[in-house]
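One structure is given here, and the rest of the page talks about it.
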Amino acid sequence: MTTAQHRIPERDNAEAALFVRLQPALCPSEEQFFEFCRLNDELRIERSAEGEVLIMPPAGWQTAEKNAAITYQLRRWAMADGTGQTADSSAGYVLPNGAIRSPDASWLRNDRLSSIPAGARSRFLPLCPDFVIELRSPTDRLAVLQGKMAEYLANGTQLGWLIDPASRRVFVYRPGAEVEQLDEPEEVPGDPVLPGFRLGIGEVW
């Protein structure tokens with residue numbers, strides 16, 4: 001794919017988010033952007049590779065409940081597996097392309113996490129997760145989330161799931177492979193990236 005194909009059509013989501021252009025008038029550093037996010041921690045804030053800031057409102061209760069079910073299952077598996085760590089939607093990652101993204105759930109191998117000094121882990125991690133989940137809320141445009149999934153893969157993610165409760169579909173993303181669509185699955189397997197992990201999707205529908 002070309003770089004243009006990975007460009008996220010974020011403006012399609014204008015009904016649910018606010019877009020703020022800072023550059024070239026303002027070019028905040030990563031530290032300044034982190035402080036901006038911290039001061040507005042009731043909001044979910046991301047930055048595109050082009051420097052455009054995306055400000056999203058808090059999730060509705062129903063979406064938050066579904067996301068809690070997802071992160072609980074992933075966390076429970078990760079604790080038993082022991083090879084990596086998980087995070088919820090409050091975690092931010094600085095991707096290799098410069099974007100700052102916060103997937104709804106993510107998993108990162110221990111050996112990659114250990115390459116980041118402990119003192120730097122209190123801020124955005126300068127890497128792309130090995131595994132990500134994006135959960136579509138009623139206000140999310142599917143094209144926006146599909147663009148994010150393509151961006152994650154282009155920056156190093158090895159497995160990604162886009163979960164759409166409205167259609168009861170899960171879209172599975174893997175590097176070098178066509179997107180796989182699962183219609184009303186009862187569970188979604190994470191092998192081989194997450195060996196033995198199977199997300200019970202009934203709790204999400």
ask   = Take atom CD in Gln181; do more than 12 heavy atoms of anything else shown fall under 6.0 Å from it?
value = yes

Just verifying a value: how many Å separate [X] [atom1] and [Y] [atom2], rounded to the nearest 0.5 Å?
X	Y	atom1	atom2	answer
Cys128	Leu108	SG	CG	9.5 Å
Arg136	Leu142	CZ	CG	5.0 Å
Arg174	Gln158	CZ	CD	11.5 Å
Ser137	Lys66	OG	NZ	11.5 Å

Is [Y] reachable from [X] through a run of I, L, V, M, F, W or Y residues, each pair having side-chain heavy atoms under 4.5 Å apart?
X	Y	value
Leu162	Val179	yes
Tyr173	Leu135	no
Trp161	Leu74	yes
Leu159	Leu153	no

Counting C-beta onward and ignoring hydrogens, is there a side-chain heavy-atom pair between [X] and [Y] closer than 4.5 Å?
X	Y	answer
Ile133	Trp107	no
Val132	Glu134	no
Arg75	Gln85	yes
Thr83	Arg109	no
Phe171	Leu145	no

Nearest atoms (heavy-atom pairs only) where [X] meets [Y]:
X	Y	answer
Asp164	Ser167	OD2-OG, 2.9 Å
Arg112	Pro129	NH1-C, 4.0 Å
Thr157	Pro175	O-CG, 3.5 Å
Val170	Pro185	CG2-CG, 4.0 Å
Thr71	Asp104	CG2-O, 3.9 Å
Glu151	Arg101	OE1-NE, 2.9 Å

Show me, pair by pair, the donor-acceptor contacts under 3.5 angstrom made by side chains of residues 187-205, not counting sequence neighbours?
residue	atom	partner	partner atom	Å
Glu187	OE2	Arg198	NE	2.6
Glu187	OE2	Arg198	NH2	3.2
Asp191	OD1	Gly196	N	2.7

query = Any luck finding a side-chain donor-acceptor pair between Tyr93 and Ser106 under 3.5 Å?
reply = yes

key: Residue pair Leu95, Tyr152: steps toward the side chain to side chain contact (heavy atoms under 4.5 Å, CB included) verdict   = CA-CA 8 Å; Leu95 307 187; Tyr152 289 133; 4.3 Å; yes

Judged by atom type as modelled, is there a donor-acceptor pair below 3.5 Å linking the side chain of [X] to the main-chain atoms of [Y]?
X	Y	answer
Asp81	Trp77	no
Arg121	Leu113	yes
Asn155	Asn97	yes

Check against side chain to side chain contact (heavy atoms under 4.5 Å, CB included), Asp183 and Arg169 = CA-CA 5 Å; Asp183 296 321; Arg169 289 174 176 167; 3.2 Å; yes

